[in-house]
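Just so it is clear: chains get the letters A, B, ... in the order the sequence lines come, proteins before strands, and each one is counted from 1. Fair warning: this is a prediction, and the values are worked out from it, not measured in the lab. The figures here come from the full heavy-atom set of this structure, side chains too, leaving out hydrogens, waters and symmetry mates.
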Amino acid sequence: MREWWNWQTRKTKDLVAARLWGFESPLSHTHTMLDLHYLTEHFDEVRQRTALRHVEIDFEELAVLLETRRNLIFQAEAARFEQRQDQERIKAIDKSSPEFLELRNQLRELSTRAKLLDDQRKEVVDTLQQRLLYIPNLVHQSVPQGRDSSDNAVIRVWGAPRQFDFPPRDHVDVGELLGLLDMDRAGKVTGARFAFLKGALARLSHVLVDFMLELHTKQHGYLEILPPFLVNEASMMGTGQLPKFREDSFQVDSYFLVPTAEVPVTNYHRDEILDEERLPIKYVAYSPCFRKEAGSYGIDTRGLIRQHQFEKVELVKFSHPDTSYQELESLVADAERVLQLLGLPYRVVSLCSGDLGFSAAKCYDLEVWIPSQNCYREISSCSNFEAFQARRANIRYRSPDGKPQHLHTLNGSGLAIGRTIVAILENYQNADGSLTIPTALVDRMKTDKLVGPQGA
RNA sequence: GGAGGAGUGGCCGAGUGGUCGAAGGCGCUUGACUCGAAAUCAAGUGUGCUCGUUUGAGCACCGGGGGUUCGAAUCCCUCCUCCUCCGCCA
């Protein structure tokens with residue numbers, strides 16, 4: 001616990017951050033993404049399974065670090081042991097005698113040597129932990145192997161894309177024609193990748209939030225939780241956004257704007273030991289999400305698909321390891337239910353090994369039909385992280401007879417609001433520019449149709 | 001933002017330089033008693049790591065980091081967090 005890594009001391013940028021924000025350790029424990037024992041004992045297996053992701057990891061260096069660590073721990077502990085033995089002796093000696101002075105001088109040297117070994121041990125452990133932070137989670141056996149999104153496996157398809165008897169407009173045109181969407185002024189007021197929603201479209205946004213929250217709490221057994229929208233460094237570490245994806249995050253002083261409610265909600269139980277019988281714990285949380293979308297320049301620049309700020313209803317589960325894959329299936333089903341009730345055609349794909357997110361062991365994407373692009377686009381991402389986040393965030397459960405064990409965490413969008421609006425605008429548009437409101441939302445929207453232009 | 005107080009094991013809470021991984025209590029486990037339960041009695045009950053085939057042995061951990069010392073839960077510095085009071089504010 002104490003020898004927990006000052007990983008940030010290795011990176012100038014992070015060192016500056018550490019000073020600036022006044023923290024020493026973003027995490028309060030030594031846990032890493034990969035279990036150290038498992039890594040040591042299944043080294044080749046980890047190497048092979050990591051290779052499935054097509055990421056560059058220096059396993060040669062890792063092997064050396066593991067061996068060095070083991071040796072230094074052994075030596076440091078031996079030195080400490082010797083020191084302790086002599087300390088027992090000096091306690092019994094008269095403090096004014098010459099023997100005392102002599103032994104004290106010896107001990108001074110011994111102490112220095114032990115400290116030195118201990119420092120070396122710490123340094124190696126720090127380096128090792130630092131490296132481990134950048135190793136992605138192991139992929140689950142059921143994940144299809146592949147390089148990129150073209151290798152993802154379509155699991156099932158729901159609904160049929162609507163046949164239009166007119167050329168469908170994209171969501172920006174539908175929204176602007178209705179006078180309810182203003183991308184231009186968002187550019188003026190803030191910049192690219194922001195939007196103004198107005199009137200009934202703004203209403204649609206929070207109606208969708210309410211609709212989803214009600215569905216998941218009343219019918220799927222989730223507890224609603226409204227989290228902070230700013231989180232600290234340790235939380236970003238806990239769920240795996242940091243240290244690798246710092247450039248994707250917006251920061252305010254020492255805080256981070258949440259990229260997803262997953263971060264505050266998963267970290268809700270950080271450093272806790274939960275009773276086994278409480279599992280699974282299921283939360284549903286609304287939050288705005290802030291992402292820099294670094295590296296996506298030129299992609300989805302038009303419209304609401306890829307924004308720096310969007311809203312989302314997120315499902316988060318804390319599961320017993322034995323049942324986490326059943327929980328993943330039901331989580332996906334819960335998210336799918338939203339699309340079904342909204343009458344939006346979609347498909348479920350299992351991400352291949354090369355397309356899988358850093359922290360996920362397995363991930364299903366829900367992709368909704370987007371008429372203007374004539375393809376399915378991601379609207380939800382449902383992942384099982386197994387113990388990866390639980391190790392980082394130190395979230396465990398205790399069985400009545402056993403020791404504390406890391407539990408499994410899962411989460412998924414249920415759903416992303418912005419993209420749901422995109423899907424509704426496109427799939428429910430009419431030739432005359434009006435918009436039909438999905439039946440499930442008519443009561444909340446107080447109307448079954450939007451006719452433009454409205455507002456100014 | 002200003003002033004003061006506090007951070008100890010699953011929980012509460014003692015402990016101000018070595019005899020403290022840490023009293024005591026609660027909780028939990030096991031055993032005794034009981035037809036059974038409660039109550040009572042007895043024993044046990046932290047985490048991580050290293051070595052060892054096993055029994056086991058060792059090291060570290062009292063909010064984080066650093067320092068003083070032969071030796072730190074205990075002394076010093078620093079950071080974080082929480083609480084109380086004042087100020088400001090949706």
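Not less than 6.0 angstrom separates the ring centroid of A:Phe229 from the ring centroid of A:Phe290.
Taking atom CD on A:Glu82 and atom P on B:A57, their separation rounds to 21 Å, with Å as the unit. In this structure, A:Arg89 places its CZ atom 19 Å from C1' of B:U19, rounding to the nearest Å. Straight-line distance from the CG atom of A:Leu274 to the C1' atom of B:G10: 12 Å, rounded to whole Å.
Across B:A60, B:G66, B:C70, the shortest atom-to-atom separation from the side chain of A:Lys122 is found for B:G66. Set against B:A60, B:U47, B:U69, the side chain of A:Arg80 has B:A60 as its closest nucleotide. Counting only heavy atoms from C-beta on, A:Ile73 has its side chain closest to B:U50 among B:U69, B:A60, B:U50.
Here the options are A:His216, A:His220, A:His269, the test is ring pair (Phe, Tyr, Trp, His ring centres under 6.0 Å), and the partner is A:Tyr283; only A:His269 passes. For the side-chain hydrogen bond (donor to acceptor under 3.5 Å, both in side chains) with A:Glu293, the lone residue among A:His308, A:Arg193, A:Arg306, A:Gln307 that qualifies is A:Arg306.
If you check distances only, the side chain of A:Gln87 never reaches the base of B:G18 with a donor-acceptor pair under 3.5 Å.
With a 3.5 Å ceiling on both atom-pair distances, the Watson-Crick or G-U wobble partner of B:G27 is B:U45. Shown here, B:C20 forms no base pair; nothing in the strands shown gives a Watson-Crick or G-U wobble contact with both key distances under 3.5 Å.
Within 4.0 Å of A:Gln83, counting heavy atoms only, lie sugar-phosphate atoms of the nucleic acid but no base atom.
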